[in-house]
Amino acid sequence: MDFQNEALRQKAIIAQLRERFEKEYKETGRKKTYCCVTFGCQMNARDSEKLSGILEAIGYTRVEEEDADFVIYNTCTVREHANLKVYGRLGTLKKVKQEHPGMLIALCGCMMQEPQVVEKLRKSYRHVDIIFGTHNIYKLAELIRDRLDSGSMIVDIWKDTDQIVEDLPDHRKYPFKSGVNIMFGCNNFCSYCIVPYVRGRERSRRPEDILEEIRRDVSDGVVEVMLLGQNVNSYGKNLDEPMSFARLLQEIEAIDGLERIRFMTSHPKDLSDELIEVMGSSKKICPHLHLPLQSGSSRILKKMNRKYTKEDYLALVDKIRAACPDISLTTDIIVGFPWETEEDFEETMDVVEKVRFDSAFTFIYSKRNGTPAAAMPDQVPADVIKDRFDRLLAKVQSIASVVCARHEGQVMDVLVEQLNHQEAGLVTGRLGNNTVVHFPGDASMIGKIVPVYLKSCKGFYYIGEPYKKEV
Ligand code: 5AD
Ligand code: SF4
C-alpha cells in the first residue's frame with residue numbers, strides 16, 4: 001500500500017462525509033456530537049487525539065456525555081480489569097442507544113486485537129456498530145462511511161502492519177503540551193505482557209516526520225512534548241538510516257521555542273550510555289525518568305524475560321544519578337507474578353528502599369491469554385498477593401513522601417496546566433520532574449512556565465507561591 005496516497009484517500013472520505021453531514025445539518029438544524037472515552041496509557045490518549053481529529057474534521061462536535069450520536073471507546077487490555085470495565089460500560093450503553101435512534105457505537109484499541117474479544121462482541125454485543133484495532137485508526141472515516149452505507153456491523157482488525165500513515169487531522173487536548181509518537185509496537189515479549197501481541201512489531205517514525213510535527217506543535221504554542229513509544233530506547237533501529245534515540249533527542253533539543261522534553265517508556269536493558277550523557281548535558285530534557293523495574297528479584301526478572309538482573313538495574317540507577325544528580329525516578333512494579341516467593345518479594349522491597357523512587361505504579365499480576373506467563377501455574381494465593389501489594393504500596397508511599405519533599409523552600413519553574421479543580425484562585429502545574437504544584441494564579445497563566453516558591457510538600461504535591469524576584 002502507498003501510505004502517502006492512503007492519507008489522501010482518507011482525507012477525501014472525510015470531505016465526503018463532511019458534505020453529507022452538512023446537508024443533514026441543513027435539514028435537521030442539529031449538529032452531530034461525539035464522545036471519545038479513553039482507557040489505558042498515554043499511547044491510547046494520543047490515539048484518541050487522532051480519532052477526535054478525524055471526527056471533528058467530519059463535522060462531529062465533542063461532548064463528554066455518552067449519549068452522543070457517535071460514542072467511541074478506545075480500549076486497553078494490559079490487565080483483565082481493563083476489559084471488564086469495557087464490557088460493563090457497553091451494557092449501560094445498550095440502554096442509551098435504545099433511546100437514541102441513529103446512535104453509533106465504535107470500539108477500537110488494544111482489547112480489539114484479541115480474537116476472543118471480537119468473537120464475544122459479535123455474538124453478545126450486537127449493538128456495537130464498528131470494531132477496529134490499533135493498526136488502522138487512521139481509517140475511522142472510511143469505517144463510518146461503510147457502516148452508514150451498509151447498515152451492518154463493521155469489523156476491521158489487522159494482525160500487524162509495517163507502515164505508518166502520516167499527516168491526518170488530529171485534535172490535541174492541550175494547546176501548550178503535546179504527545180508525539182516516535183515509535184509504535186514492541187519487540188520485547190516480556191512474558192506477562194500482551195502489548196507485543198496487540199500493538200505489533202516495533203516501527204519507528206522517520207526523524208524528519210517527528211521533527212516536523214514538533215515544529216508545527218511549537219509554532220501552535222506548544223512548550224512541552226512527551227515522546228511516546230513502548231520502548232523509546234530502541235528508537236530508530238529499524239529505520240532505513242538507523243538513528244539512536246539519544247541523537248533524536250539532540251535534534252529535538254535544537255528546536256527553538258520548545259522548552260521541555262519528556263519521554264516514555266524506557267526499558268532498562270536498552271538505556272544507553274549515550275542517552276545518559278545526552279540527558280546529563282541537556283537543558284530541555286526534564287529531570288524525570290520512568291524506568292519500569294517490574295520485580296527486584298533476578299530470578300523473577302528472568303522468568304519475566306526482562307533481560308536484566310537486580311544488580312544491573314541498581315548499577316544503571318547509579319550511573320543515571322551520577323550524570324543527572326537531581327533526577328526523579330519513577331517505576332512500574334508487578335506483584336504476584338507466578339513463582340514469586342516471599343524472598344523474591346523482599347528483593348523487590350530492597351530495590352525500592354535502595355533506589356527511593358519518587359513514585360511507583362504498583363500492579364497485581366494479571367494473567368493475559370496468549371502470553372507465556374499465562375501458561376505458568378498460579379502459585380501465589382490471592383491473599384498472599386494482597387498482603388504483599390499492601391506492604392509494597394505502604395513502602396513506596398512513605399519513601400515517596402520524603403523524596404518528593406526534597407525541593408521544599410526552593411524556587412522552581414512550573415508549567416501551569418489548568419485552574420485548580422478544588423479551590424478557586426489556585427492553578428495547577430508541574431515541575432520539570434513531573435511533581436504537581438498548586439499555587440495562587442489565574443487562567444491567563446495556563447501554558448506558561450513561571451517560577452514558583454515551593455512552600456510546603458503535602459506528600460505527592462506542593463503548595464507554592466508565585467515567586468517575584470526582588471530588585
Ligand atoms: N499484569 C500486571 N501488570 C502488567 N503490566 C503489564 N502487563 C501486566 C500484567 N499482565 C504492567 C507493567 C507495565 C505497565 C504498563 O503495566 O508494569 O510496565
Ligand atoms: Fe510489555 Fe515489556 Fe513491551 Fe513494556 S517492554 S510493552 S512490559 S513487552
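We count ligands from 1, going down the list as the structure has it; atoms in each ligand are counted the same way.
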shortest atom 16 (O) of ligand 1-to-protein heavy-atom contact is with Arg79 NH1, 2.9 Å
Ligand 2 atoms nearer than 4.0 angstrom to some heavy atom of Cys186 are 3 (Fe), 5 (S), 6 (S), 8 (S)
Quick note on ligand 2: atoms under 4.0 Å from a heavy atom of His267 include exactly 5 (S)
When Glu347, Glu346, Glu342 are each screened for salt bridge (Lys or Arg N to Asp or Glu O under 4.0 Å) with Arg388, the one that passes is Glu342
key: Aromatic plane relationship, Tyr313 with Tyr308 - under 30° parallel, 30 to 60° tilted, over 60° perpendicular   = tilted
Short version for Tyr192: what comes under 4.0 Å of ligand 1, heavy atoms counted, is both
Here the atoms of ligand 2 under 4.0 Å from any heavy atom belonging to Pro196 are 8 (S)
Q.
Within the 4.5 Å heavy-atom criterion, are Arg368 and Tyr192 side-chain neighbours or not?
A. no
Checking heavy atoms under 4.0 Å, the part of Arg199 that sits near ligand 2 is neither
Note: Ile364, heavy atoms under 4.0 Å from ligand 1, region reported as backbone
query = Do Phe389 and Thr362 come within less than 4.5 Å of each other through their side chains, counting heavy atoms only?
reply = yes
Quiz item: Touching ligand 1 at all, Thr265? Heavy atoms, strictly under 4.0 Å?
Solution: no
If you scan protein heavy atoms around atom 15 (C) of ligand 1, the nearest is Asp332 OD2, 3.8 Å
Counting heavy atoms under 4.0 Å, the part of Val78 that contacts ligand 1 is both
Q: Classify the ring geometry between Tyr197 and Phe189 as parallel (under 30°), tilted (30 to 60°) or perpendicular (over 60°).
A: perpendicular
re atom 5 (S) of ligand 2, the protein heavy-atom contact at minimum distance is Asn188 ND2, 3.3 Å
When distances are taken from atom 7 (S) of ligand 2, the protein heavy atom at minimum range is Tyr192 OH, 3.4 Å
Salt-bridge present (Lys319, Asp273; N to O < 4.0 Å)
yes
Here the atoms of ligand 2 under 4.0 Å from any heavy atom belonging to Phe189 are 8 (S)
Exercise for the section: For the residue pair Tyr174 and Phe176, categorise the inter-ring angle as parallel (less than 30°), tilted (30 to 60°) or perpendicular (more than 60°). Expected result: tilted
- request: Check the pair Asp170, Arg46 against salt bridge (charged side-chain N to carboxylate O under 4.0 Å, His left out), reporting the backbone distance first and the verdict last.
  value: CA-CA 9 Å; Asp170 93 56; Arg46 177 66 186 135; 3.1 Å; yes
Note: Cys190, heavy atoms under 4.0 Å from ligand 2, region reported as both
Hey, does Arg306 sit under 4.0 Å from ligand 2 if you only count heavy atoms? yes
Smallest heavy-atom separation, Leu431 atom then Met412 atom, equals CD2-CB, 3.7 Å
- Using a cut-off of strictly less than 2.8 Å, determine whether Cys193 has an N/O/S atom near atom 2 (Fe) of ligand 2. no
Quick note on ligand 1: atoms under 4.0 Å from a heavy atom of Arg368 include exactly 10 (N)
### Message
Between the side chains of Lys177 and Glu417, is the shortest nitrogen-to-carboxylate-oxygen separation below 4.0 Å, so that they form an ion pair?
### Response
yes
Review point. Quick one: are Tyr138 and Lys50 in side-chain contact, heavy atoms under 4.5 Å?
Key: no
In ligand 1, the atoms that come under 4.0 Å of a heavy atom of Ile334 are 3 (N), 4 (C), 5 (N), 12 (C), 17 (O)
Pairing of Asp220 and Arg216 as salt bridge, 4.0 angstrom limit
no
for atom 10 (N) of ligand 1, nearest protein heavy atom and its distance come out as Ser366 O, 2.7 Å
**Asked** Counting N and O atoms only, with roles assigned by atom type, does the side chain of Arg430 sit under 3.5 Å from a partner on the main chain of Asn434, one being a donor and the other an acceptor?
**Response** yes
closest protein heavy atom to atom 12 (C) of ligand 1 is Gln294 OE1, 3.4 Å
In this structure, atom 4 (Fe) of ligand 2 is nearest to the protein heavy atom Gln230 O, 4.5 Å
